[in-house]
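Before any comments, here is the structure.
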Amino acid sequence: MTTPYSFDHNAYAASLRAAYAHLTDGEESGTTVSVAGRVMLLRTQGKLAFATMRDSTGEIQLFALAALCDEFDEFVKLHLGDWVGVTGEVVRTKRGELSVKVKSWVLLAAALHNFGDKWAGISDFDLRYRHREADLWANPVSRQSLTRRSEMLRSVRERCWAANFMEVETPILNAIATGAAARPFKTFHHALDSELFLRIAPELWLKRLVVGGYERVFELGRVFRNEGLSPRHNPEFTMLELYAAYWDYEDMMSFVEELVSGVAQDVLGTTETEYQGRAFSFAAPWPRRTMASLASEAVGEAVSVHTPREHLAKLLAERDVEVHASWGAGRCLAELFEVTCEENLWEPIFVTEYPVEVSPLARRHRDDPELTERFESYAAGRELSNGFSELNDPVDQRARFDEQARLAAAGDDEAMQIDEDYIKALEWGLPPTAGLGVGMDRLAMLIADEPSIREVIAFPTLKPLRD
RNA sequence: GCGCCGGUAGCUCAAUUGGCAGAGCAUUUGACUCUUAAUCAACAGGUUCCGGGUUCAAGUCCCGGCCGGCGCACCA
């Protein structure tokens with residue numbers, strides 16, 4: 001069948017509903033419009049027919065009378081899911097449904113498969129994720145969640161631009177994967193005869209741009225980590241990383257809470273919402289608490305990075321955490337915080353003053369060299385962002401990398417790799433700078449009120465089908 | 001990677017203790033001039049995820065595999 005190469009339409013479901021709300025039952029507007037979309041429902045009744053057509057903005061009824069509709073006999077044979085272009089008068093039926101009274105119409109594309117049960121839609125996860133195009137038509141909630149993700153990214157960009165951050169792009173293919181603790185994906189470049197790794201974070205490149213003189217930069221991009229999948233983890237995910245020269249971590253916390261609450265305001269129109277049935281507020285400011293104070297509260301005694309390592313190890317063992325020989329007091333404190341506090345942090349909160357041992361790229365705290373000026377924000381029991389005053393001392397940075405190498409030798413296969421070029425960059429001088437990373441997928445889950453990261457990724461990673 | 005649960009018509013789901021594989025919607029055909037998941041009638045639709053096994057008999061029980069969900073581990 002030949003279908004048209006284009007179709008001129010001048011109205012949408014939502015625009016018609018807004019413009020013709022005043023029509024009374026049975027009233028005809030006298031105005032002819034053209035609309036286009038998919039037939040979602042079809043009700044025929046002898047010499048008349050009603051179709052529910054859905055376009056990108058919503059649904060509008062098509063009302064066809066045999067006496068007035070071209071090729072009426074063909075119109076009633078349309079299939080659910082078929083794309084149609086329709087021209088006709090805007091009317092409200094006797095029963096009160098705003099409609100386009102079909103004069104002429106054209107099949108724009110046929111749907112050879114249906115879009116699931118017209119009441120229940122498609123609920124099979126495998127089908128929904130492998131054929132998201134069908135899911136998007138069958139389940140309006142799916143489309144709304146991905147729309148909210150898009151609106152979130154737009155808002156993030158606009159707010160970063162408004163704060164004078166410049167958007168940049170850095171390499172995804174790298175000779176070493178660094179800037180975070182994670183197993184990378186490996187690939188190979190034939191012409192260079194070199195093994196390359198997909199980036200696990202853009203962090204070091206971005207700081208080199210600050211060394212190069214860009215005061216405020218951000219990158220909104222995909223990173224790749226060769227790790228397990230879960231409702232909160234996809235092997236490729238989108239991260240916002242942002243660096244501001246002359247800021248410290250306190251400045252960055254202020255920026256993050258304004259950014260995130262502002263994005264919620266932009267997308268949802270409010271900062272007061274619900275996540276999975278429980279009240280949740282994005283509103284700034286967010287509380288700032290040190291890791292040591294939260295952990296102390298949870299275990300019922302004062303603990304800190306200065307607590308003897310053996311005592312922290314005992315507290316961990318009491319909580320069934322296996323303590324590795326290579327862990328110092330700092331790592332033990334961080335683990336203790338994670339097992340006792342993390343999942344209970346519902347409303348957004350900043351956890352601050354992370355041990356040096358678990359923060360190889362963060363600058364030492366001005367009041368305590370065993371701590372760093374680092375924060376992570378938590379929301380709904382999960383980490384949402386990570387930031388710190390950046391370590392800009394090349395000598396200390398080399399020492400930190402050396403410590404990572406020691407951990408790697410001790411069997412930690414996620415210890416950070418040393419990056420000589422990065423150290424050389426620091427030797428050219430990184431001004432005092434604060435950096436930030438925010439998991440966009442995690443934020444999208446909160447904003448779209450979705451329980452799984454797969455719901456806010458159009459095509460989540462699935463196991464390829466075999467056999 | 002490990003554990004638990006699931007996979008039946010295109011879609012959503014039934015099927016008692018192991019005893020003839022079903023319904024609604026969609027599709028096809030017919031009726032119907034204001035429907036709203038329209039309604040009514042009829043036809044058709046199956047490798048019960050795949051491969052073995054036990055049994056007179058397997059959607060159901062056992063073993064192996066595939067895919068998915070959740071949990072653990074890893075991590076953001």
Side-chain angles (χ1 to χ4, degrees), chain A residues 25-26 39-52 59-69 72 76-82 91-99 101 111-131 134-135 137-139 179-184 200-201 203 222-241 320-322 338 342 376-379 381-386 412-414 437-445 451-455 460-467:
Chain A
D25 293 357
V39 175
M40 302 307 291
L41 297 169
L42 187 61
R43 301 171 289 279
T44 65
Q45 191 163 327
K47 298 299 180 197
L48 54 90
F50 303 89
T52 301
E59 294 180 345
I60 189 78
Q61 179 167 269
L62 307 178
F63 173 33
L65 283 163
L68 299 173
C69 172
F72 180 82
V76 298
K77 290 180 190 167
L78 282 168
H79 289 163
L80 304 192
D82 284 348
V91 303
R92 191 177 295 280
T93 60
K94 291 177 189 171
R95 296 295 176 86
E97 189 69 33
L98 187 67
S99 308
K101 191 158 76 175
L112 302 183
H113 303 291
N114 70 31
F115 285 93
D117 187 277
K118 68 186 182 186
W119 186 243
I122 299 173
S123 56
D124 182 75
F125 287 107
D126 209 12
L127 180 59
R128 288 184 53 228
Y129 296 147
R130 288 188 198 279
H131 287 285
D135 175 45
W137 283 103
N139 303 315
R183 288 173 58 190
I200 56 175
E203 173 150 352
R222 207 72 61 86
V223 298
F224 309 84
R225 298 187 183 178
N226 207 339
E227 289 158 355
L229 287 71
S230 85
R232 293 162 294 282
H233 300 84
N234 198 65
E236 52 179 309
F237 61 102
T238 300
M239 181 118 90
L240 167 70
E241 281 210 14
D320 298 322
V321 177
E322 192 185 339
E338 279 181 29
E342 187 168 328
E376 287 193 356
S377 69
Y378 284 82
R382 297 194 281 264
E383 185 185 338
L384 179 64
S385 72
N386 178 21
D412 184 348
D413 58 6
E414 289 180 351
V438 186
M440 291 289 99
D441 310 82
R442 294 275 176 87
L443 182 57
M445 288 168 68
S452 169
I453 195 170
R454 288 182 284 267
E455 297 295 344
T461 304
L462 296 176
K463 193 162 184 171
L465 294 174
R466 277 176 275 215
D467 279 356

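Reminder, nothing fancy here: chain letters follow the sequence lines and each chain counts from 1.
As a whole-Å value, the separation of A/Asp82 CG from B/rA26 C1' is 13 Å. To the nearest angstrom, P of B/rC49 lies 16 Å from CG of A/Leu127. Rounding to whole angstrom units, CD of residue A/Glu338 and P of B/rA73 are separated by 11 Å. As rounded to whole Å, 7 Å separates atom P of B/rA76 from atom CD of A/Glu227. Atom CG in A/Leu240 sits roughly 13 Å away from atom C1' in B/rA76 (whole-Å rounding). For A/Arg43 and B/rA26, the CZ to P distance is 12 Å, given to the nearest whole Å. In this structure, the CD1 atom of A/Ile122 is 19 Å from the P atom of B/rC25, given to the nearest Å. Protein atom CG of A/Leu229 is 11 Å distant from nucleotide atom P of B/rG1, rounded to whole Å.
Using a 4.0 Å heavy-atom cutoff across all strands shown, A/Asn234 reaches at least one base atom of the nucleic acid. Within 4.0 Å (heavy atoms only), A/Glu383 reaches sugar-phosphate atoms of the nucleic acid but no base atom. Within 4.0 Å of A/Gly439, counting heavy atoms only, lies no atom of the nucleic acid at all. In this structure, A/Gly437 reaches neither bases nor backbone, as no heavy-atom distance under 4.0 Å exists between it and the strands shown.
Separating the P atom of B/rA9 from that of B/rG22 is a span of 14 Å, rounded to the nearest Å. With P as the reference atom, B/rU29 and B/rC43 are 16 Å apart, rounded to whole Å. The separation of B/rG59 from B/rA15, taken at their P atoms, amounts to 15 Å, rounded to a whole angstrom. The gap from the P atom of B/rC25 to that of B/rA37 amounts to 14 Å, rounded to the nearest Å. The gap from the P atom of B/rC67 to that of B/rG45 amounts to 32 Å, rounded to the nearest Å. Straight-line distance between the P atoms of B/rU36 and B/rC49: roughly 37 Å, to the nearest whole Å. Straight-line distance between the P atoms of B/rA31 and B/rG68: roughly 47 Å, to the nearest whole Å. Rounded to a whole angstrom, the distance from the P atom of B/rU60 to that of B/rU8 is 13 Å.
Checked against salt bridge (Lys or Arg N to Asp or Glu O under 4.0 Å), A/Asp117 has no partners two or more places apart in sequence or in another chain. Qualifying side-chain hydrogen bond (donor to acceptor under 3.5 Å, both in side chains) partners for A/Glu241, counting only residues two or more places apart in sequence or in other chains: A/Tyr243. Considering only residues two or more places apart in sequence or on other chains, A/Phe224 meets the ring-ring contact (aromatic ring centres under 6.0 Å, His included) condition with none of them. When the side-chain hydrogen bond (donor to acceptor under 3.5 Å, both in side chains) test is applied to A/Lys101, the partners found at least two apart in sequence or on another chain are A/Glu28. Looking at residues two or more places apart in sequence or on another chain, you find a side-chain hydrogen bond (donor to acceptor under 3.5 Å, both in side chains) between A/Ser230 and A/His233. In terms of the side-chain hydrogen bond (donor to acceptor under 3.5 Å, both in side chains) criterion, residue partners of A/Asn386 (sequence neighbours excluded) are, by chain and number, A/Arg374. Applying the side chain to side chain contact (heavy atoms under 4.5 Å, CB included) rule to A/Pro451 yields the partners A/Gln276; only residues at least two apart in sequence or on another chain are considered.
Across all their heavy atoms, A/Ala120 and A/Asn139 have their closest contact at O-OD1, 4.3 Å.
A/Phe125 has its side chain within reach of A/Glu455: a pair of non-hydrogen atoms, C-beta onward, lies under 4.5 Å apart.
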Going by atom type alone, with no hydrogens or angles, which donor-acceptor pairs under 3.5 Å involve a side-chain atom of residues 42-51 of chain A and a protein atom two or more places apart or on another chain?
{"unit_1": "A/Arg43", "atom_1": "NH1", "unit_2": "A/Thr52", "atom_2": "OG1", "d": "3.4"}
{"unit_1": "A/Arg43", "atom_1": "NH2", "unit_2": "A/Thr52", "atom_2": "OG1", "d": "3.4"}
{"unit_1": "A/Arg43", "atom_1": "NH2", "unit_2": "A/Gln61", "atom_2": "OE1", "d": "2.8"}

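When the side-chain nitrogen and oxygen atoms of A/His79 are compared with OP1 and OP2 of B/rU28, one or more of them lie within a distance under 4.0 Å. Residue A/Ser123 has a polar side-chain atom (N or O) positioned under 4.0 Å from OP1 or OP2 of B/rU12. The shortest distance between the side-chain N/O atoms of A/Lys118 and the OP1/OP2 oxygens of B/rC25 is not below 4.0 Å.
Partner assigned to B/rC72 is B/rG1, using Watson-Crick or G-U wobble distances below 3.5 angstrom. Here B/rA26 sits opposite no nucleotide as a Watson-Crick or G-U wobble pair (both hydrogen-bonding atom distances under 3.5 Å). With a cut-off of 3.5 Å on both Watson-Crick or G-U wobble distances, the partner of B/rU8 is given as none. When Watson-Crick and G-U wobble pairs are counted only if both distances are under 3.5 Å, B/rG18 pairs with no nucleotide at all.
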**OP:** Give the intermediate values and the outcome of side-chain contact (heavy atoms from CB on, under 4.5 Å) for residues A/Ile453 and A/Asn234.
**Re:** CA-CA 7 Å; A/Ile453 195 170; A/Asn234 198 65; 4.3 Å; yes
Protein N or O to nucleotides 67-71 of chain B N or O, pairs below 3.5 Å:
{"unit_1": "B/rC67", "atom_1": "OP1", "unit_2": "A/Pro464", "atom_2": "O", "d": "3.1"}
{"unit_1": "B/rC67", "atom_1": "OP1", "unit_2": "A/Arg466", "atom_2": "NE", "d": "3.3"}
{"unit_1": "B/rC67", "atom_1": "OP1", "unit_2": "A/Arg466", "atom_2": "NH2", "d": "3.2"}
{"unit_1": "B/rC67", "atom_1": "OP2", "unit_2": "A/Lys463", "atom_2": "NZ", "d": "3.1"}
{"unit_1": "B/rC67", "atom_1": "O3'", "unit_2": "A/Arg130", "atom_2": "NH2", "d": "2.7"}
{"unit_1": "B/rC67", "atom_1": "O2'", "unit_2": "A/Asp126", "atom_2": "OD1", "d": "3.3"}
{"unit_1": "B/rC67", "atom_1": "O2'", "unit_2": "A/Asp126", "atom_2": "OD2", "d": "2.6"}
{"unit_1": "B/rG68", "atom_1": "OP1", "unit_2": "A/Arg130", "atom_2": "NH2", "d": "3.4"}
{"unit_1": "B/rG68", "atom_1": "OP1", "unit_2": "A/Lys463", "atom_2": "N", "d": "2.7"}
{"unit_1": "B/rG69", "atom_1": "OP1", "unit_2": "A/Arg454", "atom_2": "NE", "d": "2.8"}
{"unit_1": "B/rC70", "atom_1": "OP1", "unit_2": "A/Arg454", "atom_2": "NH2", "d": "3.4"}
{"unit_1": "B/rC70", "atom_1": "OP2", "unit_2": "A/Arg454", "atom_2": "NH2", "d": "2.3"}

Can you check nucleotides 41-43 of chain B for protein contacts, nitrogen or oxygen pairs under 3.5 Å, and list what you find?
none

Tabulate atom names and distances for all N/O pairs under 3.5 angstrom spanning the protein and nucleotides 29-34 of chain B.
{"unit_1": "B/rC32", "atom_1": "N3", "unit_2": "A/Gly46", "atom_2": "N", "d": "3.1"}
{"unit_1": "B/rU33", "atom_1": "OP2", "unit_2": "A/Lys47", "atom_2": "N", "d": "3.3"}
{"unit_1": "B/rC34", "atom_1": "OP1", "unit_2": "A/Gln45", "atom_2": "NE2", "d": "3.1"}
{"unit_1": "B/rC34", "atom_1": "O2'", "unit_2": "A/Arg95", "atom_2": "NE", "d": "3.3"}
{"unit_1": "B/rC34", "atom_1": "O2", "unit_2": "A/Lys94", "atom_2": "N", "d": "3.1"}

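Along RNA chain B, the nucleotide nearest to A/Ala181 and the one nearest to A/Gly116 differ in position, and the one closer to the 5' end is contacted by A/Gly116.
Listed by first then second residue, pairs satisfying salt bridge (charged side-chain N to carboxylate O under 4.0 Å, His left out) with a partner in residues 226-235 of chain A number zero, not counting sequence neighbours.
Atom CG of A/Asp82 and atom NZ of A/Lys77 lie 13.0 Å apart (nearest 0.5 Å).
Residue A/Arg183 qualifies as open at atom CZ: its count of foreign heavy atoms under 6.0 Å is 12 or below.
For A/Asn114, counting side-chain heavy atoms from C-beta on, the closest listed nucleotide (B/rA26, B/rU12, B/rA76) is B/rA26.
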